2 protein chains.
Amino acid sequence: MTAGNTGRKRPTISDVARRAGVTKGAVSRALNSGTGVSTGTRERIRLAAVELGWSPSYAARALNGKPLGTIGLVVRRSPEILDFDAFFPSFLSGIESVLSGEEHATVIRFVPDAQTEAATYERLFGDRFVDGFLVTDLRVDDERPAMLHRLGAPAVVVGAPEGSSDLPTITNDAEEAIRGLVRRFADAGHRRIAHVQGDRHMLHALQRRRHWEQAMGEFGLEPGPVEHGGYTIVGGAQATERILARSGDERPTAVFYGSDLMAIGGYSVLGEAGLAIPADVAVAGFDDIPLASFASPPMTTVRSKHRALGSAGARILLDMLKGQAPPLSTVLTGELCIRDSSGDPV
Amino acid sequence: MTAGNTGRKRPTISDVARRAGVTKGAVSRALNSGTGVSTGTRERIRLAAVELGWSPSYAARALNGKPLGTIGLVVRRSPEILDFDAFFPSFLSGIESVLSGEEHATVIRFVPDAQTEAATYERLFGDRFVDGFLVTDLRVDDERPAMLHRLGAPAVVVGAPEGSSDLPTITNDAEEAIRGLVRRFADAGHRRIAHVQGDRHMLHALQRRRHWEQAMGEFGLEPGPVEHGGYTIVGGAQATERILARSGDERPTAVFYGSDLMAIGGYSVLGEAGLAIPADVAVAGFDDIPLASFASPPMTTVRSKHRALGSAGARILLDMLKGQAPPLSTVLTGELCIRDSSGDPV
DNA sequence: CTGAAAGCGCTAACAT
DNA sequence: ATGTTAGCGCTTTCAG
């Protein structure tokens with residue numbers, strides 16, 4: 001139990017000032033910069049504040065343009081992704097792990113469309129309700145970096161390719177892992193390797209596809225059919241059906257899914273079609289969600305460091321808020337996890 | 001793009017007032033209650049506000065004791081649970097699904113200990129940084145309901161037994177499902193059915209245990225050994241080792257784990273011990289995480305409605321904030337999901 | 001119905 | 001080193 005202020009009004013700096021025998025101004029200085037006050041009175045003021053159980057008013061501080069100690073996360077997706085998607089919970093976990101040490105809170109807002117999204121960023125920062133933003137799910141032609149720049153809002157982009165904006169960016173680099181995956185498929189004799197791309201508006205989906213295309217080229221393979229699965233289980237299932245609908249010798253013998261979830265959808269369609277993994281069709285996913293290693297067969301996938309993306313993003317944003325110049329680019333490297341679903345090289 | 005206020009100061013009600021040819025007071029009334037202003041001027045004021053791209057200042061509003069449109073979630077657990085635990089992501093998902101429709105944001109704060117926890121609640125609400133709280137993970141002798149009452153903070157408790165506090169409570173009632181589970185075990189001839197309890201400080205862990213004990217009694221069985229697994233995978237594994245360490249005819253033939261995660265830990269220990277599920281040891285979990293149906297064998301478990309708990313909690317809290325009297329008790333019923341791990345009744 | 005003015009808790013000049 | 005005084009943007013009396 002703190003001071004027993006059982007319900008009465010909270011003390012203000014005026015109360016503290018009175019008790020310490022000084023004025024509000026002195027209290028404000030003593031409690032903030034600490035300069036412009038003699039050591040003696042500063043201590044007297046500090047003591048008075050503690051005795052009264054005083055704590056600062058966020059609102060009054062904010063009204064004077066002071067930072068509140070909050071970072072904003074505005075997410076333009078269905079709240080359900082928290083339940084299904086691999087990224088967000090881990091990402092949030094990473095953020096919170098650094099914020100819980102600092103005196104910072106996270107403000108989360110899910111928005112349905114671009115217009116609400118823009119308005120939310122503007123309001124949140126316009127009134128300094130948040131000190132800065134962590135930006136995820138960067139889209140092709142995303143207008144947020146420009147808007148945030150215009151607003152003058154501190155922000156770091158997480159999970160986007162290097163150079164995709166002029167904001168400090170944390171990249172989830174899976175190029176080498178994807179190359180390793182394609183090599184493995186190629187070594188096993190696969191020629192037609194399909195790709196199921198996630199949400200086509202997302203930069204990370206595009207990037208995974210590019211890496212796949214590039215690796216295919218390097219191994220002298222024609223980038224096989226590409227289907228879109230929207231990063232969902234059903235999307236992955238439907239994409240797989242479209243792939244299977246191809247006639248005999250055009251049908252891919254391996255599929256690289258842009259997310260584990262889509263690959264799970266693929267598993268069920270392949271199973272119903274009587275196709276064995278990896279004997280008939282080899283499969284690989286992306287993310288390495290817990291389920292991947294428990295699936296049957298255990299799924300080969302590219303592990304991306306969701307938590308680390310969150311913690312690195314939060315760390316850098318916090319440093320920016322303290323006035324430090326952020327690294328413009330930070331790269332975390334994805335790792336290839338070989339399991340049974342991709343089969344063995346010959 | 002909204003109004004092209006490219007970086008200059010945001011308009012205030014003074015600006016709106018000037019443009020509409022009235023005073024600040026009139027603007028405030030027009031934009032809030034709407035009363036005390038003629039329809040004509042109100043429209044004029046509204047128009048001026050829109051033209052100027054005005055939006056209210058959270059800080060100034062808060063300074064006058066107005067609600068900000070935020071609900072608080074303070075969590076005294078390691079941020080890692082977001083990554084591993086089944087509950088939080090889904091719960092948050094439920095919350096966000098109702099909040100995204102309303103003009104509300106979620107403020108999340110992870111705290112390490114009881115002292116920080118208390119201070120966080122006090123500060124957050126003391127300054128009306130949040131309008132109310134959603135309280136989870138109610139512990140035995142939890143002091144938060146009393147504190148929240150003392151603060152006068154609107155709050156609803158989620159996932160706790162009915163009557164565990166005098167706050168409006170949303171209960172995850174699994175009594176019948178657990179009874180059904182024990183019945184199934186009993187019908188299959190099991191006599192010694194162990195229980196692996198979650199975090200012993202948590203009310204929900206205690207509640208699951210009580211339901212199990214009661215059901216055991218109803219079927220004339222002695223509540224077998226109880227081990228503690230702390231709701232983690234390793235905890236569940238260790239608890240399972242302790243169970244297996246028992247001598248021959250004292251060794252349980254079935255285990256009811258207080259969470260799927262702990263059961264997963266159990267799976268691996270049982271497997272390493274060369275024990276088949278369910279032939280040698282029958283297993284059931286609790287939660288129904290996605291992984292449960294993908295485990296091998298697929299896991300029998302009690303499905304609890306995490307998302308629904310979040311959405312119901314948010315819904316009720318929002319109603320309270322609007323002045324409605326909340327239902328003191330809301331009950332969601334858990335559902336038994338029979339899969340292979342529990343074996344067949346004879 | 002509308003205007004004027006006080007004040008919410010705090011910061012930041014500006015005096016002294 | 002300390003006190004004094006304006007505000008920050010808004011709500012809410014209280015007059016008119």
Side-chain angles (χ1 to χ4, degrees), chain A residues 5 8-49 52-69 122-129 131, chain B residues 5 8-46 48-49 52-69 103 122-129 131:
Chain A
N5 250 353
R8 295 275 66 76
K9 291 178 88 66
R10 294 169 19 115
T12 74
I13 54 168
S14 295
D15 299 319
V16 177
R18 197 173 316 118
R19 179 175 250 262
V22 292
T23 57
K24 293 180 355 179
V27 173
S28 178
R29 281 181 296 239
L31 263 21
N32 291 320
S33 57
T35 69
V37 203
S38 70
T39 322
T41 43
R42 175 164 54 235
E43 279 319 308
R44 204 147 35 86
I45 290 171
R46 289 239 162 93
L47 182 64
L52 258 33
W54 174 88
S55 65
S57 157
Y58 294 114
R61 276 236 238 267
L63 201 46
N64 287 287
K66 302 275 119 179
L68 277 184
E122 291 204 5
R123 279 208 64 188
L124 246 28
F125 187 74
D127 200 43
R128 296 302 185 277
F129 193 78
D131 305 338
Chain B
N5 249 351
R8 294 274 69 77
K9 295 177 86 66
R10 293 168 19 115
T12 73
I13 53 168
S14 295
D15 300 320
V16 176
R18 195 172 319 117
R19 179 174 251 262
V22 293
T23 57
K24 292 176 1 176
V27 174
S28 177
R29 281 180 298 241
L31 262 22
N32 293 318
S33 56
T35 68
V37 202
S38 69
T39 322
T41 45
R42 174 165 53 237
E43 279 320 307
R44 204 146 36 86
I45 291 172
R46 288 238 163 95
L52 257 32
W54 174 88
S55 67
S57 156
Y58 294 115
R61 278 239 236 265
L63 200 47
N64 287 288
K66 302 276 118 178
L68 277 183
E103 284 277 275
E122 291 205 5
R123 279 210 65 188
L124 246 29
F125 186 74
D127 200 43
R128 298 299 187 280
F129 193 78
D131 304 338

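Heavy atoms only: backbone and side chains are in, while hydrogens, waters and symmetry mates are out. Protein chains get the first letters and strands the later ones, always in sequence-line order, with residue 1 at the start of each. Not measured: the values here are computed from a predicted model.
Remark: B:Thr41 is in phosphate contact with C:dT2, judged by side-chain N or O atoms under 4.0 Å from OP1 or OP2. Within the structure, every side-chain polar atom (N or O) of A:Ser57 is placed at least 4.0 Å from both OP1 and OP2 of C:dG9. One finds no side-chain N or O of B:Thr12 lying less than 4.0 angstrom from the OP1 or OP2 phosphate oxygen of D:dC8.
Remark: A:Arg123 is not positioned above the aromatic ring of A:Phe125, lacking an NZ or CZ atom under 6.0 angstrom from the ring centre and at most 45 degrees off the axis.
Residues A:Arg42 and A:Ala30 approach most closely at CD-O, 4.0 Å, considering heavy atoms. A pairwise comparison of heavy atoms in A:Leu63 and B:Leu63 identifies CD2-CD2, 3.1 Å as the closest pair. Nearest heavy-atom pair, A:Pro56 versus A:Arg10, reported as atom, atom and distance to 0.1 Å: O-NH2, 3.4 Å.
Spacing between atom CD1 of B:Ile45 and atom C1' of C:dC1 amounts to 11 Å, rounded to whole angstrom units. When rounded to the nearest whole Å, the span between CZ of B:Arg128 and C1' of D:dT11 equals 16 Å. For the pair A:Leu63 CG and C:dG7 P, the computed distance is 17 Å after rounding to whole Å. Atom CH2 in B:Trp54 sits about 12 Å away from atom P in D:dG9, given to the nearest Å. Between the CG atom of B:Leu52 and the P atom of D:dG9 there is a distance of 13 Å, given to the nearest Å. Between the P atom of D:dC10 and the CZ atom of A:Arg123 lies a distance of 10 Å, rounded to the nearest Å. Rounded to whole angstrom, the span from the CZ atom of B:Arg18 across to the P atom of C:dT2 amounts to 19 Å.
Mapping B:Asp127 and B:Ser38 onto DNA chain C by nearest heavy atom places B:Ser38 at the nucleotide closer to the 5' end.
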Report summary line: Reading nucleotides 11-16 of chain C from 5' to 3' and marking B where a protein heavy atom lies under 4.0 Å of the base, S where only the sugar-phosphate is that close, and - otherwise, the string is BBB---
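Residue B:Gly21 is classed as a sugar-phosphate contact, given heavy-atom separations below 4.0 Å to backbone atoms only.
Using a 30° and 60° split on the angle between ring planes, B:Phe129 and A:Phe129 fall in the parallel class, below 30°.
Between the B:Arg128 side chain and the B:Gly65 main chain, no donor and acceptor come within less than 3.5 Å of each other.
By the side-chain hydrogen bond (donor to acceptor under 3.5 Å, both in side chains) test, A:Arg19 is found to be paired with A:Glu51, residues two or more places apart in sequence or in another chain being considered.
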